[in-house]
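Beneath this line is the structure, given in structure tokens, with notes to follow.
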Amino acid sequence: MRQLQEICGDDNVFWRAEDLLVWEYDAGFDRHPPSAVAVPGSTAEVAAVVKAAHDAGTAIVPRGAGTGLSGGTIACAGAIVVSTARLRRIVAIDAAARMAVVEPGVPNVAVSAAAREVGLFFAPDPASQRISTIGGNVGTNAGGPHALRYGSMVNHVLGIEMVLPNGEIARFGGTAADLPGYDCVPLIVGSEGTLGIITKIWLRLLPLPEDIRTFVAIFPDIDRGARAASAIIAGGVVPAAMEMLDNVTIGTLNAAFDVHLPPDAGSLLLVEIEGLHEETEDWAASIERLLRKNGATDVRSAASAAERELLWKARKLGYAALARIKPNNYLHDAVVPRTRMPEVLKQVNAIAERYGYVIANMFHIGDGNLHPVLLFDARTEPIDRVMEASAEILKVAIDAGGALTGEHGIGLEKNHFMPWVFTAEDLDAMRRARDSFDPDGTMNPGKIFPGGEACADIPTERTKRVLAEGMWV
Amino acid sequence: MGLAVAAASHAIDGLEPRDVVSVHSESEVVEVIRGANERSEAIVVAGGRTRLGIGDPLADALALRKQRWPVEAGMHDRATVGGTLASAAGGPSRLRYFHPRDWVIGARVVLGDGTAVRSGGKVVKNVTGYDLTRLWSGTFGTLAAIVELTLKLTAVPERTVTLAIELDIATALAKAAEIHAGGLPIDALAIVAGDAAQSLGARGDALLLVRIAGPVAAVRRLGRALREIVTCRDVGNEVWERVAALPLDSKWTARVAWSPGARPPLEFAGYSAVVYPANGAAYLLRTIDRPTFRRVRDSLEALDGYAVLERAGRDYKREAGGAWGKSRVPLPIARALKERFDPRGVLAPGRMPA
């Protein structure tokens with residue numbers, strides 16, 4: 001503790017039980033306090049903290065804004081949390097190179113705001129972007145609605161400076177592409193803090209599109225909305241974003257924002273296209289035709305930038321608004337091949353109905369990334385049952401040829417489910433990569449990989465293991 | 001998939017393999033690598049042997065569905081998908097479609113100890129564990145032999161047009177910078193200089209090539225915008241295949257790179273080269289004396305760039321300071337990866353800095 005205080009300063013180390021309360025959870029529902037929290041103010045301080053922890057045999061959990069939904073920042077096994085809250089500088093915006101260099105604690109939205117001044121933007125836009133940090137976004141390979149056209153974080157991270165688990169500072173990638181040697185950048189993106197602590201990131205910026213058009217298409221039910229979305233993808237035009245909102249979500253957004261969506265709609269597609277005027281004109285015509293042909297009862301376009309921004313604000317803050325219905329929720333993140341979307345949605349909603357949960361669907365339908373939200377009241381309804389329904393939903397996605405997570409990460413939420421998708425050999429290959437960086441296993445123990453004991457005392461851990469084994473095929 | 005696991009035609013740096021094995025299934029790859037692992041023999045995985053080695057059949061099958069894998073690696077009649085990923089092949093498509101690895105969503109590979117493993121999946125968005133699929137890119141078969149890839153596809157644009165103009169190299173670089181800075185969605189941008197330009201029929205010093213693609217109206221508008229910057233003419237899209245193949249056709253090729261925001265520390269005057277200025281990358285195509293090469297390499301490395309010898313004789317490589325120059329991955333990490341994925345050093349030993 002004294003060592004941490006010497007490195008970071010007394011004000012930047014927390015260890016009293018009451019101070020640790022705010023560091024024991026993220027946006028998921030697992031909780032566990034760290035043994036201490038250090039908030040270093042520079043790469044050198046991060047390196048010193050990691051070295052000290054490494055020498056003491058103490059585990060480390062890196063943490064950004066704590067908006068993660070899969071428990072990636074929950075500190076188990078006596079770990080200390082290293083927060084990036086003081087590493088918040090935008091180091092450079094290089095307009096000619098279309099590149100930003102930032103520290104990990106910079107909020108996502110700040111990058112686009114800074115880039116806009118030179119006619120550029122940063123594409124990944126997770127719904128949490130006002131709060132979530134670039135470091136955390138790298139950790140989970142965050143996506144967002146516009147990942148449909150532009151891809152997730154991994155498509156936009158050019159270089160990473162990272163403190164290795166032994167305290168050494170290393171750099172991967174950077175300004176020039178394909179540097180000599182193994183390119184570890186895409187391995188580090190999405191590694192959920194298990195390979196080191198990121199201290200600087202080189203990001204790709206893109207030119208602001210000349211024209212943006214946003215459509216709201218109304219459908220009588222979910223099925224027709226899902227079929228229309230599939231028809232658009234099959235048609236060859238890739239929208240910048242394509243989101244589905246179901247009836248429950250529409251009602252919530254109407255209550256929380258001034259969006260005036262048709263309350264009787266069974267589902268709604270929010271479709272955005274970006275490009276040259278000539279491109280958007282062309283694509284708008286074909287998309288509108290496909291929407292109507294596949295059962296849209298109404299297609300409106302946002303009349304102004306203000307109207308478009310309101311729609312996106314409602315979409316991105318919509319998750320929080322769901323608390324109007326029930327105080328707690330379980331927000332899922334699963335991906336299915338796009339062609340399977342309509343049938344999977346039916347099965348997911350049937351599971352929620354069978355368990356008696358109100359379900360809200362508000363998700364990235366364009367890339368098959370489901371976000372079913374099960375709404376419940378933790379004061380009266382047992383968490384185990386919600387988890388059971390959730391495991392069934394995951395199983396449906398996996399059986400359809402999908403993935404356990406598209407953008408939230410595995411963390412300690414889904415690590416025991418990894419054998420549903422990967423063989424022991426596949427997982428061992430991932431362990432070989434981890435061990436190349438962290439042979440002692442001190443970085444974020446208990447995450448991603450199944451079977452470890454580091455987080456065994458988390459209350460939901462037992463339930464997860466039982467559910468994961470029970471549905472093993 | 002016809003993977004030749006490495007005869008005189010297979011010689012690398014003058015070294016001839018003792019045996020050439022052709023394999024046609026994952027289980028055959030596993031068997032060959034396991035055997036080599038047990039006997040501690042070296043293996044070099046070869047595809048079409050264009051770079052150390054997309055083929056038309058794939059492109060033809062996709063074109064029927066108006067789809068394509070938007071990665072142009074050169075020599076499309078020979079280059080394989082596996083080799084393109086394993087070599088992180090550069091080329092004209094890098095401007096709009098970025099890295100080949102961004103168009104691969106899943107992989108099956110055989111590691112150095114003969115273990116077959118899968119990564120990724122069939123969906124375009126996936127963070128289920130580590131992204132090993134992308135890690136294999138640019139590893140030149142030194143960590144794993146790729147046996148199956150799941151590709152992400154994109155629709156063929158309605159219209160594609162290539163515009164060209166002959167200029168002196170300095171003007172070509174300046175015009176390319178102007179075009180790129182304008183922020184218009186350009187599909188590909190290249191300058192072919194010196195002998196290489198003449199091989200494409202240019203009389204001048206350099207040939208500036210710009211490709212635009214999209215809906216017909218958008219292409220017309222882009223063409224107008226470009227003609228306001230330079231007077232260029234429509235030359236047909238086939239030229240790109242020749243441009244992409246130039247680095248593979250040459251006996252001596254150096255790949256150089258710098259920060260795309262900076263002025264290249266090399267003016268390319270007097271060089272035979274293909275330059276992708278907006279990507280900060282170029283291929284030098286005519287052998288230069290070793291002291292000059294070392295100077296070029298030093299000046300690039302000082303600016304965070306590099307010069308890699310993709311094709312050169314063994315002696316040249318040795319005297320120039322190696323094929324790769326300064327490694328940019330911490331060597332303990334590179335060594336650890338190599339040791340863990342290929343414990344007995346069976347897969348193309350010595351090919352990558354590790």
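We name chains A, B, ... by the order of the sequence lines, and we start the count at 1 in each one. Keep in mind that this is a model prediction, so the values were computed, not measured.
Ion pairing between a basic and an acidic side chain is recognised when a charged N comes within 4.0 Å of a carboxylate O; Arg171(A) and Glu161(A) show no such pairing. Under the 4.0 Å criterion applied to side-chain N and carboxylate O atoms, Asp178(A) and Arg101(B) are not assigned as salt-bridge partners. Salt bridge annotation for Lys66(B)-Glu158(B): absent, with no cationic side-chain nitrogen under 4.0 angstrom from a carboxylate oxygen.
Counting heavy-atom pairs under 4.5 Å between each of Leu187(A), Leu276(A), Leu195(A) and chain B puts Leu276(A) at the top. Note: Thr194(A) leads Thr194(A), Leu208(A), Val189(A) in heavy-atom pairs under 4.5 Å with chain B. The residue among Val421(A), Asp94(A), Val238(A) with the most heavy atom pairs within less than 4.5 Å of chain B is Val421(A). Your options are His180(B), Lys338(B), Arg65(B), Met352(B), and the one with the most heavy-atom pairs under 4.5 Å with chain A is His180(B).
Ring planes of Phe437(A) and Phe172(A): tilted class, angle from 30 to 60°.
Proximity to chain A (any heavy atom under 4.5 Å) is restricted, for Trp258(B), to the backbone atoms N, CA, C and O. Using a 4.5 Å cut-off between heavy atoms, Leu427(A) does not touch chain B at all. Only the side chain of Pro207(A) comes within less than 4.5 Å of a heavy atom in chain B; its backbone stays farther off. Both the backbone and the side chain of Met430(A) have a heavy atom closer than 4.5 Å to some heavy atom of chain B. Contact annotation for Thr423(A): neither backbone nor side-chain heavy atoms come within less than 4.5 Å of a heavy atom of chain B. Looking at Phe417(A), neither its backbone nor its side chain comes within 4.5 Å of chain B, counting heavy atoms on both sides. Heavy-atom distances place both the backbone and the side chain of Ala334(B) under 4.5 Å from chain A. Contacts between Leu206(A) and chain B at a heavy-atom distance below 4.5 Å involve the side chain alone, from C-beta outward. For Ala144(B), no part sits under 4.5 Å from any heavy atom of chain A, backbone or side chain. If you measure heavy-atom distances from Asn369(A) to chain B, the contacts under 4.5 Å come from the side chain alone. Interface remark: Leu331(B) contributes no atoms to any contact with chain A (heavy atom separation under 4.5 Å). Looking at Ile448(A), only its side chain comes within 4.5 Å of chain B, counting heavy atoms on both sides. In this structure, chain B has no heavy atom under 4.5 Å from any part of Glu168(A). In this structure, chain A has a heavy atom under 4.5 Å from the backbone of Ser119(B), while its side chain stays farther away. In this structure, the portions of Asp183(A) lying under 4.5 Å from any heavy atom of chain B include both its backbone and its side chain. Using a 4.5 Å cut-off between heavy atoms, His408(A) touches chain B through its backbone atoms (N, CA, C, O) alone. Neither the backbone nor the side chain of Arg220(B) comes within contact range of chain A; no heavy atom of the residue lies under 4.5 Å from a heavy atom of that chain. Neither the backbone nor the side chain of Val237(A) comes within less than 4.5 Å of any heavy atom in chain B.
With a 6.0 Å cutoff to the six-membered ring centre and a 45° limit on the axis angle, Arg328(B) does not count as a cation-pi contact of Tyr306(B). A cation-pi arrangement is present between Arg204(A) and Phe98(B), with the terminal nitrogen or guanidinium carbon under 6.0 Å from the aromatic centre and inside a 45° cone about the axis.
Enclosure of atom NZ in Lys122(B) is not indicated, since only 12 or fewer non-hydrogen atoms of other residues, nucleotides or ligands lie within 6.0 angstrom. The local environment of NZ in Lys152(B) is crowded, with over 12 non-hydrogen atoms from other residues, nucleotides or ligands closer than 6.0 Å. Atom CZ of Arg263(B) sits in a sparse spot, with 12 or fewer heavy atoms from other residues, nucleotides or ligands closer than 6.0 Å.
Residues passing the side-chain hydrogen bond (donor to acceptor under 3.5 Å, both in side chains) test with Asp125(A) are His146(A), Lys316(A), sequence neighbours excluded.
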